[in-house]
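Following: one structure in structure tokens, then a few remarks.
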Amino acid sequence: MAKTSSPDTALMANAVRALAMDAVQQANSGHPGAPMGMAEMAVALWGRHLRHNPADPKWAERDRFVLSNGHGSMLIYALLHLSGYDLPVEELRNFRQLHSKTPGHPEVDVTPGVETTTGPLGQGITNAVGMALAEKLLAQQFNRPGHEIVDHRTYVFLGDGCLMEGISHEACALAGAWKLNKLVALYDDNGISIDGQVTPWYVDDVAKRFDAYGWNVVGPVDGHDVAAVDAALTQARASATQPTLVICKTTIGKGSPNRAGTSKAHGEPLGAAEIALVREGLGWTHEPFVVPKTAYAAWDARKTGAAAQAAWNKAFAAYRSAFPELAAEYERRMKGELPAGFARIAADAAIAAHDKAETVATRKASQLALEAFTKALPELLGGSADLTGSNLTNTSSTPALRFGDDGAANGGRHINYGVREFGMAAVMNGVALHGGFIPYGGTFLTFSDYSRNAIRMAALMKQRVVHVFTHDSIGLGEDGPTHQSVEHAASLRLIPNLDVWRPADTAETTVAWTVAIGNTERPTALLLSRQNLPYAPKATLEDIGKGAYVLAEPGEVGLKKAPQAVIIATGSEVQLALHAQAQLAAAGIAVRVVSMPSTTTFDRQSVEYKLSVLPAKLPRIAVEAGVTDGWWKYGCAAVVGLDRYGESAPAGVLFKLFGFTPENVAAVVRKVLDR
């Protein structure tokens, strides 16, 4: 293919190559090949198409750029540094070092200009699908004729690894179904992965694959020809109803005489001798980390970025003048703030649940809470992985989201993700990262295993995402051990910064939703029952939001004496604890019942509060239909749990079989007190 790069574009690309190989060499760790191979792709996108302002990385109307193949992180760090972001060359020198702004893989809120944390391959492109969806839905909700205040694009670089990961199939199929025409992915087709040439194990016809998804496919083009990539991006911008994949043929480690086109360029430093040869071949005479002023000038995006943002600010001022309420609502949502009256709405919903005291499954209690919350919060964007009728994530305020032949959204706020749990979880991360929405999505708790890595990424990125996990235990019954969650609650509780709630009734479920919506810097998992649960009478709702509270003292079952033990229970097992308390009271044994819907929230409370709920000298017995290991940290003398898989049978039969009965709980308490 003919090369049409000008001296300026060659200089720009070689500045990226030099910084990438120097930083990886300095760290003695990293991946130089991808940045060196994608340098011209970056020149075309960042130099000619990407709308951004280095002075304001959080400008709401910026284009989003996602480096899905995040191991090539020195590409984005070089681009941010060169184009004028607050990322000085000293940070590039500290690549992969402690507390630097240039970690091994890009991390959102660590490096200015990084939109999402991309390490696990495939999740970056999926986050980008979520970002593009958020842009499209915000445009539908807020734009008015002559006032296109939401009109930006989402660009992605990705490689073979992202496309091999199954999540990319889930997400890219959804992007085609949703007609996300402002999503543009540039595929770095270099044919190399860690193990070498990919042809023995990667035989996908990528163009046909994406054509089948309903994408606009451009190329292959020469990824080292800036003009060719530029033209492909211009073509992508013309797409009215389809996302675009630009296939860019590249050479990994471009510029390295001995390592270009080989797996040796992928994941290790080039070495001093090879770097010297690269410099000679490129005519790059500068010392490590030294970039000529002409290259900085060619890359500098500060002036054009400031002008773009100023133009948008002017347009938004006109929008505010014409539609003041809409403008205020847009700003509120993009800031992630809740409406001023939401606290009252949440309190009223909890009080209503308490007053009605309904016997329903907590999955239904969740839907009842959502009825109030989705009406009050237009930013709540729901969905389910083909289990809407089971997860009960839809409400009267959230009709199904659909897209017309012209690509226009119908105003729906409930997404049918299909059987794509992992894709759903990572798309929700992208929606949250974009801003303007609080995403939630449902599936069965046992399928959280499919979603787990995206849940972990939400926790790592501190994103407000809500996972609605129903069918939370052996209580789902006949579907058997493949669907009965045993280890999942304990496993999810191990993820740092993830709030996990397993409520026992309608009031606890409403409070759990309230806390989840207010968790601006952590995701939440709600573990909900399939079976109906009676309402647990309670004197106050005040302490539920602290994760655990005293539900019933001995006096509430007619025993006027101090507690001799504490039963801690969650979810459906709270009723077992209450019945066991009554049985023990009849025998003169005084027991306090503590409902602990959220161990993770309770663990954040003060020592004083914890001791007020779980007094130091009282023996503790935990009851939960799941693995027991996590409960010993609360100083339990015994745990009534389930350290094996379930069986296929009606729920009542299973609870009896595995000892989840008031009689067995009472017997365990007696045994503890008899020691």
Side-chain angles (χ1 to χ4, degrees), residues 332-333 335-358 360-382 391-393 395-398 413 428 432 437-442 458 462-470 472 497-529 533 535-536 538-549 551 570-571 574 595-605 609:
R332 176 190 73 79
R333 286 176 53 176
K335 291 176 183 176
E337 298 174 351
L338 297 175
F342 178 72
R344 182 69 262 165
I345 291 168
D348 288 345
I351 292 168
H354 176 66
D355 290 344
K356 291 179 181 178
E358 293 179 280
V360 295
T362 49
R363 60 172 175 161
K364 180 62 178 179
S366 170
Q367 187 179 46
L368 294 173
L370 279 171
E371 279 291 346
F373 295 155
T374 55
K375 182 178 180 180
L377 299 176
E379 59 264 45
L380 278 173
L381 181 64
N391 301 149
L392 304 182
T393 44
T395 72
S396 59
S397 298
T398 58
R413 287 167 51 203
M428 289 196 297
F437 292 98
I438 301 173
Y440 67 92
K462 302 180 179 179
Q463 293 302 304
R464 178 166 45 179
V465 175
V466 184
H467 293 271
V468 179
F469 292 127
T470 67
D472 70 340
N497 204 48
L498 173 68
D499 248 9
V500 181
W501 285 79
R502 188 169 184 251
D505 59 22
T506 52
E508 286 190 5
T509 305
T510 303
V511 172
W513 262 110
T514 302
V515 175
I517 290 169
N519 276 341
T520 58
E521 293 191 343
R522 57 169 50 91
T524 302
L526 305 178
L527 317 187
L528 308 172
S529 74
L533 304 180
Y535 189 78
K538 47 186 68 70
T540 177
L541 305 177
E542 183 177 349
D543 291 332
I544 297 175
K546 296 176 181 177
Y549 64 102
L551 176 61
T570 79
V574 168
S595 179
M596 192 178 286
S598 177
T599 64
T600 54
T601 305
F602 180 67
D603 289 347
R604 296 196 300 272
Q605 304 309 310
Y609 181 74

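All values reported here derive from a predicted model rather than from experimental measurement.
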Straight-line distance of Leu551 CG to Glu508 CD, nearest 0.5 Å: 7.0 Å
Minimum heavy-atom distance between Thr506 and Ala353, given as atom pair plus value: OG1-O, 3.5 Å
Taking C-beta and beyond as the side chain, do Leu498 and Thr600 meet within less than 4.5 Å on heavy atoms? no
Is any side-chain heavy atom of Leu380 closer than 4.5 Å to one of Val466? no
Any side-chain heavy atom of Leu528 within less than 4.5 Å of one from Thr470? yes
Could you check whether any side-chain N or O of Tyr440 sits under 3.5 Å from a backbone N or O of Thr393, counting only pairs where one atom can act as donor and the other as acceptor? yes
Should Leu541 and Tyr549 count as side-chain neighbours, where that means a heavy-atom distance under 4.5 Å? no
Do Tyr609 and Phe602 make a side-chain contact, defined as non-hydrogen atoms from C-beta onward lying under 4.5 Å apart? yes
Just by distance, no angles: are the side chains of Ser529 and Thr362 close enough, under 3.5 Å, to form a donor-acceptor pair? yes
Under 4.5 Å between any side-chain heavy atoms of Pro503 and Leu526, yes or no? no
For a side-chain hydrogen bond (donor to acceptor under 3.5 Å, both in side chains) with Asp499, tell me which candidate from Asn519, Thr524, Thr599 qualifies. Asn519
Would Phe373 and Phe342 count as a side chain to side chain contact (heavy atoms under 4.5 Å, CB included) here? Give the steps. CA-CA 9 Å; Phe373 295 155; Phe342 178 72; 3.8 Å; yes
Among Lys538, Lys356, Lys364, find the residue that satisfies the salt bridge (charged side-chain N to carboxylate O under 4.0 Å, His left out) test when tested with Asp505. Lys538
Got a second to check how far Leu368's CG is from Thr395's OG1, nearest 0.5 Å? 11.0 Å
What heavy-atom pair brings Val465 and His467 nearest, and what distance separates the two atoms? CG1-NE2, 3.8 Å
OG of Ser397 to CG of Leu377, rounded to nearest 0.5 Å, is 10.0 Å
Restricting to non-hydrogen atoms, name the atom on Ser366 and the atom on Val468 that form the minimum distance, rounded to 0.1 Å. OG-CG1, 4.4 Å
Check: Arg502/Thr570 side-chain N/O donor and acceptor closer than 3.5 Å: yes
So which atom in Thr510 and which in Ala369 form the shortest heavy-atom distance, rounded to 0.1 Å? OG1-CB, 3.9 Å
Applying salt bridge (Lys or Arg N to Asp or Glu O under 4.0 Å) as the test, list every pair that has at least one member in residues 366-376; sequence neighbours left out. none
Heavy atoms of Val574 and Ala536 approach each other most closely as CG1-CB, 4.5 Å
Pairwise distance CD(Gln463) to CZ(Arg522) - rounded to 0.5 angstrom: 13.0 Å
With heavy-atom distances below 4.5 Å as the criterion, would you say the side chains of Ile438 and Ile517 are in contact? yes
Would you check if the side chain of Arg363 reaches a backbone N or O of Leu392 as a donor-acceptor pair within less than 3.5 Å? no
Checking Thr374 against Thr398 for the side chain to side chain donor-acceptor pair (under 3.5 Å) test, could you report, in this order, the C-alpha distance in whole Å, the side-chain angles of both residues, the deciding distance, and whether it holds? CA-CA 7 Å; Thr374 55; Thr398 58; 5.2 Å; no
Drop me the distance from Arg464's CZ to Glu379's CD, to the nearest 0.5 angstrom. 7.5 Å
Polar side-chain atom of Arg332 near backbone of Glu337 as donor-acceptor pair, under 3.5 Å: yes
Heavy-atom pair of closest approach, residues Ala350 and Ala507: O-CB, 4.4 Å
Roughly how far, to the nearest 0.5 Å, is CZ of Arg604 from OG of Ser598? 6.5 Å
